[in-house]
Amino acid sequence: MNIFQIYQKKIKDLILNINKNGKIEIPENLDSIGVDIPPNQFKSHISTNVAMILSKINKTNPMDLAKKIKTELGKVDQSIEKIDIVKPGFINITFKNIFWNQFIQGVINEKYEYGSSSSNNKKSYFLEFVSANPTGPLHVGHCRGAVSGDVLANILKFNKHKVHKEYYVNDYGNQIINFTKSVYLRIKEQIENKPYPKDQEDLYPGEYIIQIAKNIINDNKDLNFDSFDKISDKLTILSVNESIKIIKSNLENIGIVHDKFQSEREIVNNNEVQKTIDKLIKNKFVYNGKIKAPEGEDKNKWVEREQLLFRSTDFGDDKDRALQKSDNSWTYFAGDVAYHENKLNRNYDTYINILGADHAGYIKRITASVEALSGEKNKLICKVSQLVKLIKDGKPFKMSKRKGDYITVEDLISEVGKDATRFIMLNRSSDAEIDFDFDKVKEKSKDNPLYYVQYCYARICSVFRHINKDINEEIKIEKYNFNFSSEDIDVYKKISEWPKCIEISSKKLEPHRVPTYLYELSSLFHSYWNMGKEDKTKRFISEDKKISDEKLVLLKSVSNVIKTGMNLVGVSTPDKM
RNA sequence: GCGCCCUUAGCUCAGUUGGAUAGAGCAACGGUUUUCUAAACCGUGGGUCGGAGGUUCGAAUCCUUCAGGGCGCGCCA
């Protein structure tokens, strides 16, 4: 039940028909014909730009064309009350009550499925997100991509697509060696009272490593910690496992569960990197060459070196990218290319990576590699979540891993809660930076848009309590034959946009549109509610403690959409607040 | 130097594959509670959509260019 799609099709059919009779010319591509809700100052219900689209090819002015279309449309569509033609050439349609009755009956019948796309174009998506280094707990910076990835997955699933959620564990390379060393020294600190070196650059300073060390000691009583070299492989695995335990519990606390954690180490050990590189060599995407120093780099420090390079410039990157380090071990990129080959072999239609802003420079080379491996453009889509700018005590707060000085997801959840965290992180376009004022969110959590939407739902629940009905039960309506007020229709117009919101969020991979929509719908409902203070006939419950079917339908449709939307966002809808 | 992202009201931001008089919240000011939840509502003020060109019937949206801010730029992941 997407009235915009329905009317877009109707109008296309109509002009195709008029075209058949030779009365108008039409362009080949009719996609730019839009159906929308007109701005507030027009009282009409929907509007279309079709006349303006057709005016050029017909060499007539849009107003005349609009008149022609108006007459034809009026003939074939019985649910239209009135058609206005406005200034440049908009055709504004006002529906009869029967239209809104049928519409809202459809909405009620679809229940929590309303908004889900009805198209048959079901795809499978492979969604990689979070993928933070397994060297400690998640911090606030990871949170945004985590939430938007999770909600994106929910939206795609809601549209009946298949979605696989994966976390890539970077458990190979120098960072992990340093991390393992840190754990080792914390173990030494525990069992031999050796003080932990505080100022050593490559060691992790975080206190959480003490707990990791304790856990490892406890669970591995027979392990001998005398020599780092002897146990480093074993210790790496143990340390990473401890980290992942922490990360999984962090994620769980914000309501995120991945389908799989894929280890980088496993991919390297399976020789998948070599195999993938061989494949690329065979297809001439890899060669031995040198990389020039970037402008602005100190030319004296730069050592040119012959190395294995991937031809990402063939795909629009600014330079070719190194696959091997000077010690012949693989670069991070090489491993990641192999990982993407591994993903491709799992046969999904589309791959999505949610990345942090600091990895934006990485997008070209990785999409290039996927294009080289799969031979398809746009097989991999990377979405970047811009930075979360933290503000503490009114000042920008720089998190530093080195100092162990950062706000973790745990801190955030315990201060503001899971629901508020998810809603705030999602409430803005991921293209824009967020100012996250930690103190403000703590103090003034009531100003949070989350509560505004939840309050809307709670108010509806309160009405249901008063009339002794269960909000989750289906309502029984004899006949949809209501005479809706203009305020009712304002709410229904918004409800009619819900499938559109989902469609765009899904298509553009922009989950932030959902909380924005829910806020707007709630706002209309709160206005509606407050009308009851002045005018008793606008209240939901009448003086004899009854509720009309008409009002029941409004409450039910709004609450269903809010519930559906909040489920997608992954936050609760309390019955009482 | 190069690449990507951003610039919309005093502040934080929405803005539908280009549509009509650009919208919210916060902050300011004024009002609304014997009433289904005031965590709400109503009203007032507040804008060269960073600047300049261009494409178009029509631009905050697309293109070019300039300015400002952020992120990144071979063996970190």
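Below, read A as the first sequence line, B as the second, and so on, with proteins coming before strands; counting in each chain starts at 1. In this text the structure is predicted, and so the values were computed from the model without any measurement.
Below 30°, between 30° and 60°, or above 60°: for A:Y168 and A:Y339 the angle between ring planes is below 30°, a parallel geometry. Taking the six-membered ring where the residue is Trp, A:F285 and A:F310 present tilted rings, their angle falling between 30° and 60°. Below 30°, between 30° and 60°, or above 60°: for A:W529 and A:F525 the angle between ring planes is between 30° and 60°, a tilted geometry.
A:S385 contributes no side-chain N or O that, together with a main-chain N or O of A:R144, makes up a donor-acceptor pair within less than 3.5 Å.
Between the side chain of A:N178 and the base of B:A77, no donor-acceptor pair under 3.5 Å is found. The base of B:U35 lies close enough to the side chain of A:R539 for a donor and an acceptor atom to sit less than 3.5 Å apart. Below the 3.5 angstrom threshold, one finds no donor paired with an acceptor across the side chain of A:D318 and the base of B:G3. Donor-acceptor pairing under 3.5 Å, judged by distance alone, is absent between the side chain of A:S527 and the base of B:A40.
Across all strands shown, A:S131 has no heavy atoms under 4.0 Å from either base or sugar-phosphate atoms. Residue A:D84 is out of contact with every strand shown, counting any heavy-atom pair closer than 4.0 Å. Residue-level contact check: A:Y452 touches the backbone only, with heavy atoms under 4.0 Å from sugar-phosphate atoms and none from bases. As judged by a 4.0 angstrom heavy-atom cut-off over every strand, A:K389 is placed among residues making no nucleic acid contact. Within 4.0 Å (heavy atoms only), A:L309 reaches no atom of the nucleic acid at all. Here A:V86 lies in heavy-atom contact (under 4.0 Å) with a base. Using a 4.0 Å heavy-atom criterion, one finds that A:A357 contacts the sugar-phosphate atoms exclusively. Residue-level contact check: A:P62 touches neither bases nor backbone, having no heavy atom under 4.0 Å from any strand. Backbone-only contact: A:T516 has heavy atoms under 4.0 Å from sugar-phosphate atoms and none from a base. A:D31 comes within 4.0 angstrom of a nucleotide base, judged by non-hydrogen atoms across all strands. Counting any heavy atom pair closer than 4.0 Å across all strands shown, A:H512 reaches sugar-phosphate atoms only and no base atom. Residue-level contact check: A:F4 touches neither bases nor backbone, having no heavy atom under 4.0 Å from any strand. Residue contacts for A:R305: at a heavy-atom cut-off of 4.0 Å it reaches a base atom on one of the strands shown. Contact annotation for A:K87: backbone-only contact, meaning every heavy-atom pair under 4.0 Å involves sugar-phosphate atoms and none involves a base.
Separating the C1' atom of B:C2 from that of B:A39 is a span of 50 Å, rounded to the nearest Å. Separation of the C1' atoms belonging to B:A27 and B:U12 is 11 Å when rounded to the nearest angstrom. Spacing of P atoms, B:G18 relative to B:U61, comes out at 11 Å, to the nearest Å.
For the pair A:M52 and A:F333, nearest-nucleotide mapping onto RNA chain B gives the more 5' position to A:M52. Between A:Q386 and A:Y451, it is A:Q386 whose nearest contact on RNA chain B lies nearer the 5' terminus.
Considering only side-chain N and O atoms, A:R365 lies nowhere under 4.0 angstrom from the phosphate OP1 or OP2 of B:C73. Here A:S32 does not reach the OP1 or OP2 of B:U17: none of its side-chain N or O atoms lies under 4.0 Å away. OP1 or OP2 of B:C76 sits under 4.0 Å from a side-chain N or O of A:N174.
Under the Watson-Crick or G-U wobble criterion, with both distances below 3.5 Å, B:G43 is paired with B:C29. The partner of B:A22 is absent, by the rule that a Watson-Crick or G-U pair needs both atom distances under 3.5 Å. Taking a pair to require two hydrogen-bonding distances under 3.5 Å in either a Watson-Crick or a G-U wobble arrangement, B:C49 remains unpaired.
Per the geometry, OH belonging to A:Y172 stands 12 Å off P belonging to B:C76, to the nearest Å. Going from atom NE2 of A:H359 over to atom C1' of B:A77 covers 6 Å, rounded to whole Å. Distance CG (A:N427) to P (B:G15): 10 Å, rounded to an integer number of Å. Per the geometry, CH2 belonging to A:W330 stands 14 Å off P belonging to B:A77, to the nearest Å.
Of the candidates B:C71, B:A77, B:U35, the closest approach to any side-chain atom of A:K533 belongs to B:U35. Side-chain proximity of A:Y362 to B:C4, B:A77, B:C73: nearest is B:A77.
The aromatic ring of A:F90 does not stack onto the base of B:G19, failing the criterion of a centre distance under 5.5 Å from the six-membered base ring together with planes under 30° apart.
The 12-atom threshold is exceeded at CD of A:Q41, counting heavy atoms of other residues, nucleotides or ligands nearer than 6.0 Å.
At a cut-off of 3.5 Å, with distance as the only test, no side-chain donor of A:N170 or A:Q175 sits close to an acceptor on the other residue.
Using a 4.0 Å cut-off between charged side-chain N and carboxylate O, A:K494 and A:E497 make a salt bridge.
A:D535 CG to A:N530 CG: the interatomic distance, rounded to the nearest 0.5 Å, is 13.0 Å.
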